[in-house]
Amino acid sequence: MSSSRPLQVSVIEDLRRPGTRRHVQRNAVVDNLAISSASVPSGSEVDVDAVVEVIGDDLVVTGAITFAWVGDCRRCLRSVESSSTVRIREVFERRPVEGETYQLGDGVVDLEPMVRETVLLALPLAPLCTEECAGPDPERFPAVVADDGAEVARDPRWAALDDLRFDDES
Ligand SMILES: [Zn+2]
């Protein structure tokens, strides 16, 4: 089996025997899995562990995607390394519905678009090093409560702004 495109899965046999279920396990490096707050380290493999099943004319992929990620703690700004597992149940069909189902090719499915979308949605928007993280220096930069009640941490990089004097008399 070629491993140059590990997320391309041949399903010729599956399509001949609707109703059969098959375990598929793949690891692959997927480039550019990043949002502003977190990313999958380059070279880090994403793991797909799933059951593939033909239902009618469609292929259903059920299982989990696991990936490592790095980001900056939203409170103390230290770098955070962690991993996440996301459960998936996705439908692949000949004429996919954009945003809902994925393309079923001619005897093959490419899992990469599903992996990409799933990981990008699952990367944390506001990583924390620990739930209890108090920030870099709680005495000087206490967490403050925003108008909507959400707790936000004072970014120490903004502290310099406190020392600025604005002179708006002209
Ligand atoms: Zn922290």
Side-chain angles (χ1 to χ4, degrees), residues 1-10 21-53 59-92 96 98-103 108-163:
M1 291 292 285
S2 163
S3 59
S4 59
R5 313 277 317 261
L7 293 176
Q8 298 231 340
V9 178
S10 170
R21 295 157 59 87
R22 182 163 64 96
H23 183 220
V24 171
Q25 205 272 323
R26 298 291 163 93
N27 299 74
V29 172
V30 178
D31 290 331
N32 300 319
L33 293 177
I35 59 176
S36 60
S37 54
S39 61
V40 175
S42 67
S44 173
E45 289 189 329
V46 176
D47 177 77
V48 181
D49 196 340
V51 168
V52 167
E53 183 176 13
L59 192 85
V60 179
V61 176
T62 310
I65 295 175
T66 302
F67 57 94
W69 57 265
V70 294
D72 290 332
C73 174
R74 72 170 188 260
R75 292 184 191 150
C76 71
L77 306 181
R78 268 197 298 255
S79 71
V80 183
E81 291 180 32
S82 189
S83 65
S84 297
T85 297
V86 186
R87 302 215 62 87
I88 48 161
R89 180 177 171 83
E90 300 293 349
V91 175
F92 291 75
E98 193 175 345
E100 289 182 31
T101 60
Y102 293 97
Q103 180 72 54
V108 67
V109 283
D110 183 1
L111 300 179
E112 183 170 326
M114 174 191 75
V115 168
R116 180 176 295 284
E117 258 180 68
T118 303
V119 172
L120 287 175
L121 284 171
L123 281 168
L125 290 167
L128 277 177
C129 59
T130 63
E131 285 300 325
E132 303 78 37
C133 176
D137 188 344
E139 298 286 300
R140 286 179 62 211
F141 308 111
V144 295
V145 176
D147 290 344
D148 60 2
E151 186 192 341
V152 292
R154 283 289 302 276
D155 186 328
R157 290 172 298 191
W158 298 343
L161 295 176
D162 294 345
D163 298 330

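For this chain, numbers begin at 1 and follow the sequence in order.
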Worksheet item: Would you call Glu53 and Thr62 a side-chain contact if the rule is heavy atoms closer than 4.5 Å?
Response: no
Worksheet item: Are side-chain heavy atoms of Ile88 and Val61 found at a separation under 4.5 Å?
Response: yes
Worksheet, complete the sentence: By side-chain contact (heavy atoms from CB on, under 4.5 Å), Asp72 pairs with (sequence neighbours left out) Ser79
Discussion item. Here's a test for you: under side chain to side chain contact (heavy atoms under 4.5 Å, CB included), which of Asp49, Val115, Val9, Asp47 qualifies with Arg26?
Written reply: Val9
Worksheet entry | Test item: Met114 and Ile65 side chains (from C-beta on) under 4.5 Å apart, heavy atoms | yes
Worksheet item: Any side-chain hydrogen bond (donor to acceptor under 3.5 Å, both in side chains) pairs touching residues 117-131, not counting sequence neighbours?
Response: Tyr102-Glu117
Worksheet entry | Value rounded to 0.5 Å, distance of CD in Glu90 from CG in Leu111 | 10.5 Å
Worksheet item: Run the side-chain contact (heavy atoms from CB on, under 4.5 Å) check on Val80 and Leu128 step by step: do they pass?
Response: CA-CA 7 Å; Val80 183; Leu128 277 177; over 6 Å; no
Item to complete: Inspect the surroundings of CD in Glu81 and state if more than 12 heavy atoms from other residues, nucleotides or ligands are less than 6.0 Å away.
Response: no
Worksheet item: About how many Å separate CG of Leu120 and CD1 of Ile35, when rounded to the nearest 0.5 Å?
Response: 7.5 Å
Discussion item. Checking Asn32 against Arg116 for the side-chain contact (heavy atoms from CB on, under 4.5 Å) test, could you report, in this order, the C-alpha distance in whole Å, the side-chain angles of both residues, the deciding distance, and whether it holds?
Written reply: CA-CA 9 Å; Asn32 300 319; Arg116 180 176 295 284; 4.2 Å; yes
Worksheet, complete the sentence: Between Phe92 and Gln103, the two heavy atoms sitting closest are CD2-O, 3.4 Å
Practice prompt. May I ask you to decide if Pro124's main-chain N or O and Ser37's side chain share a donor-acceptor pair within less than 3.5 Å?
Written response: yes
Discussion item. side-chain contact (heavy atoms from CB on, under 4.5 Å), that's the test. Do Val52 and Leu59 meet it? Break it down for me.
Written reply: CA-CA 7 Å; Val52 167; Leu59 192 85; 3.4 Å; yes
Item to complete: Looking only at non-hydrogen atoms, find the nearest pair between Pro96 and Thr101 and report the distance.
Response: CA-OG1, 3.2 Å
Practice prompt. For residues Arg22 and Ser10, report the shortest heavy-atom separation together with the two atoms involved.
Written response: NH2-O, 3.0 Å
Fill in: Under the side chain to side chain donor-acceptor pair (under 3.5 Å) test, residues paired with Ser82 that sit two or more places apart
none
Fill in: Smallest separation among heavy atoms of Val46 and Phe67, with atom names
CG2-CB, 4.1 Å
Response to the item:
Tightest non-hydrogen contact, residues Cys129 and Arg78, listed as SG-NH2, 4.2 Å
Worksheet, complete the sentence: Nearest heavy-atom contact between Val119 and Leu33 is CG1-CD1, 3.9 Å
